[in-house]
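Below is one structure, written out as structure tokens; comments come after it.
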2 protein chains.
Amino acid sequence: MILLSECQVNNALEAIVGKWKHKILFPLLNNKTMRFNELKREIPGITQKMLTSQLRELEDHDLVTRKVYAQIPPKVEYSLSEHGKSLIPLLDMMNEWGAAHAAHIATKKVEQIKNTKKEGSS
Amino acid sequence: MILLSECQVNNALEAIVGKWKHKILFPLLNNKTMRFNELKREIPGITQKMLTSQLRELEDHDLVTRKVYAQIPPKVEYSLSEHGKSLIPLLDMMNEWGAAHAAHIATKKVEQIKNTKKEGSS
DNA sequence: CAGCATCCTACAAGATACTG
DNA sequence: CAGTATCTTGTAGGATGCTG
């Protein structure tokens with residue numbers, strides 16, 4: 001029994017919600033570290049601005065570590081922080097449930113189409 | 001190893017993201033069924049419009065069941081659907097991680113303040 | 001290379017009023 | 001009671017150009 005007043009789900013959501021945030025996290029789950037443009041290439045459609053801002057937010061939540069090399073041309077590496085690793089089981093679970101949910105909705109829609117056809121032919 | 005291209009996390013997020021969606025789900029996790037105004041009273045600050053639209057979205061995702069009694073005054077009961085129950089472990093996990101995350105961020109901030117003071121006093 | 005600054009738009013969310 | 005129907009607003013997200 002969980003009370004709404006004590007619900008901490010929003011804290012979890014805030015950390016990973018955003019059109020791109022979890023898409024940024026996923027490459028980092030597998031690869032140790034990635035550079036800015038590596039991530040950009042890995043995530044189709046993301047703009048520089050969005051990649052930057054979402055990375056900053058992930059940093060603020062201490063999920064991602066940013067390592068700057070003082071050199072020219074610049075080199076910045078991003079990796080999952082220790083705290084960020086605690087997210088892995090949760091993301092796994094969300095991934096699993098997301099797949100199951102998509103399948104459930106798909107079969108539901110198929111049934112709806114069948115019912116529509118029955119009504120139409122009757 | 002999860003591939004970004006196969007990532008289903010967004011499906012999970014879509015289903016439960018929204019400023020109020022999980023706050024609507026929580027009362028339903030504990031109580032079997034609730035009426036519209038019961039929910040409204042349970043969730044401080046929510047407007048009728050938001051409660052309605054978010055409930056519709058939850059319905060569309062087959063997470064919540066809507067039962068209408070044909071009577072005057074109207075009576076509509078909302079409850080967690082069978083499929084919605086599959087969300088419980090996930091919400092539990094998000095709740096737990098959310099609490100741990102909040103604690104982590106809190107201690108991090110305390111450390112930052114300590115460091116600031118050290119710098120200031122030096 | 002890895003950004004920042006600026007401007008812009010679309011849509012989520014809120015306020016308010018009305019109704020079967 | 002349990003909603004719609006409008007109108008308004010805040011902000012996430014996007015397009016584009018510039019830079020250490």
Side-chain angles (χ1 to χ4, degrees), chain A residues 4 9-28 31-61 63-80, chain B residues 4 7 9-25 27-28 31-61 63-80:
Chain A
L4 177 59
V9 171
N10 35 340
N11 291 324
L13 285 175
E14 271 173 31
I16 56 175
V17 160
K19 191 170 176 183
W20 304 100
K21 242 176 252 182
H22 68 275
K23 296 196 177 184
I24 294 170
L25 284 173
F26 263 70
L28 295 176
N31 300 281
K32 286 280 178 211
T33 65
M34 291 187 86
R35 297 181 61 172
F36 186 85
N37 277 345
E38 257 184 301
L39 277 169
K40 190 167 182 314
R41 259 176 268 123
E42 202 73 16
I43 305 165
I46 197 167
T47 61
Q48 281 181 335
K49 179 196 164 182
M50 285 317 294
L51 183 52
T52 304
S53 69
Q54 302 268 300
L55 277 169
R56 290 293 172 282
E57 285 178 36
L58 290 169
E59 235 193 303
D60 289 344
H61 282 284
L63 298 176
V64 157
T65 306
R66 181 167 179 263
K67 189 173 178 183
V68 183
Y69 293 83
Q71 60 179 52
I72 303 234
K75 178 178 173 183
V76 181
E77 281 183 347
Y78 293 93
S79 58
L80 211 61
Chain B
L4 177 59
C7 166
V9 171
N10 35 338
N11 290 324
L13 285 174
E14 271 174 31
I16 55 176
V17 160
K19 192 168 176 184
W20 303 101
K21 242 176 251 181
H22 68 275
K23 296 196 177 184
I24 294 170
L25 284 172
L28 296 176
N31 301 281
K32 286 279 177 213
T33 65
M34 292 187 84
R35 297 181 61 173
F36 186 86
N37 276 346
E38 258 183 300
L39 277 169
K40 191 169 181 316
R41 259 176 269 122
E42 201 73 15
I43 305 166
I46 197 167
T47 61
Q48 281 182 334
K49 179 196 164 184
M50 284 316 296
L51 183 53
T52 304
S53 67
Q54 302 268 302
L55 277 168
R56 291 292 174 281
E57 286 178 36
L58 289 169
E59 236 193 305
D60 290 343
H61 283 284
L63 298 176
V64 158
T65 306
R66 182 166 179 263
K67 190 173 178 183
V68 183
Y69 295 81
Q71 60 179 53
I72 303 233
K75 178 178 171 183
V76 181
E77 281 181 346
Y78 294 93
S79 58
L80 210 60

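Just so it is clear, the values below take in all heavy atoms, side chains as well, and ignore hydrogens, waters and symmetry mates. Below, chain A is the first sequence line, B the second, and so on; all start at residue 1.
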| Using a cut-off of less than 4.0 Å, is there contact between a side-chain N or O of B/Gln71 and OP1 or OP2 of D/dC1? | no
| query | Taking all non-hydrogen atoms of both residues, which atom of A/Lys23 and which atom of A/Pro27 are closest, and how far apart? | reply | O-CD, 2.9 Å
| said: What's the closest nucleotide to the side chain of B/Phe36 if the choices are D/dG3, C/dC1, C/dA2? | reply: D/dG3
| remark: A/Gln54 CD to D/dA12 C1', in whole Å, measures 9 Å
| Looking at B/Arg56, does any N or O in its side chain come under 4.0 Å of the phosphate oxygens OP1/OP2 on D/dT4? | yes
| said: Of the listed nucleotides (C/dG14, D/dA2, C/dG3), which one gets closest to any side-chain atom of A/Arg66? | reply: C/dG3
| Given atom CD1 of A/Ile46 and atom C1' of D/dA15, what is their separation to the nearest angstrom? | 15 Å
| field | Separation of atom CD1 in B/Ile43 from atom P in D/dA2, rounded to whole Å | value | 14 Å
| request: Describe the nucleic acid contact of B/Tyr78 in one word from base, sugar-phosphate, nothing, applying a heavy-atom distance below 4.0 Å. | output: sugar-phosphate
| task | Measure the distance from CG on A/Leu55 to P on C/dA2 and round it to the nearest whole Å. | result | 11 Å
| task | Take the protein atom CE of A/Met34 and the nucleotide atom P of C/dG3, then report the distance between them rounded to whole Å. | result | 14 Å
| request: Using whole Å, report how far NZ of B/Lys40 lies from P of C/dG14. | output: 12 Å
| note | Considering only heavy side-chain atoms of A/Met50, the closest of C/dG3, C/dG20, D/dG14 is D/dG14
| field | Nucleotide nearest A/Gln48 (side chain, heavy atoms from C-beta), chosen from D/dG17, D/dC1, D/dT4 | value | D/dG17
Which pairs would a plain distance check flag for residues 43-53 of chain A, meaning a side-chain donor or acceptor within less than 3.5 Å of a matching protein atom at least two apart in sequence or in another chain?
unit_1  : atom_1 : unit_2  : atom_2 : d
A/Thr47 : OG1    : A/Met50 : N      : 3.2
A/Thr52 : OG1    : A/Gln48 : O      : 2.8
A/Ser53 : OG     : A/Lys49 : O      : 3.3
A/Ser53 : OG     : A/Met50 : O      : 3.2

| query | Is there a donor-acceptor contact under 3.5 Å from the side chain of A/Glu38 to the main chain of A/Arg35? | reply | yes
| Touch check for A/Glu77, heavy atoms < 4.0 angstrom, all strands: base, sugar-phosphate only, or nothing? | nothing
| task | Using the side chain to side chain contact (heavy atoms under 4.5 Å, CB included) rule, pick out the option among B/Thr33, B/Thr65, B/Val68 that qualifies with B/Glu77. | result | B/Thr33
| said: Return whichever of A/Lys19 or B/Lys75 has its heavy-atom-nearest nucleotide of DNA chain D closer to the 5' end. | reply: B/Lys75
| task | Would you mind classifying the nucleic acid contact of A/Glu57 as base, sugar-phosphate or nothing, using non-hydrogen atoms under 4.0 angstrom? | result | nothing
| note | Sorted by position of nearest nucleotide on DNA chain C, 5' first, the leading residue of A/Pro74 and B/Thr47 is A/Pro74
| said: Please report the interatomic distance CE(A/Met34) to OH(A/Tyr78), rounded to the nearest 0.5 Å. | reply: 12.5 Å
| task | Would you indicate which nucleotide in D/dC1, C/dC1, C/dG3 comes nearest to any side-chain atom of B/Arg35? | result | D/dC1
| message | From the set D/dG13, C/dA13, C/dA17, return the single nucleotide nearest to any side-chain atom of B/Lys49. | response | C/dA13
| task | Take the protein atom CG of A/Leu51 and the nucleotide atom C1' of C/dA2, then report the distance between them rounded to whole Å. | result | 10 Å
| Distance, rounded to the nearest Å, where B/Glu38 contributes CD and D/dA2 contributes P | 8 Å
| query | Testing A/Glu57, A/His61, A/Gln54 for side chain to side chain donor-acceptor pair (under 3.5 Å) with A/Lys21, which one passes? | reply | A/Glu57
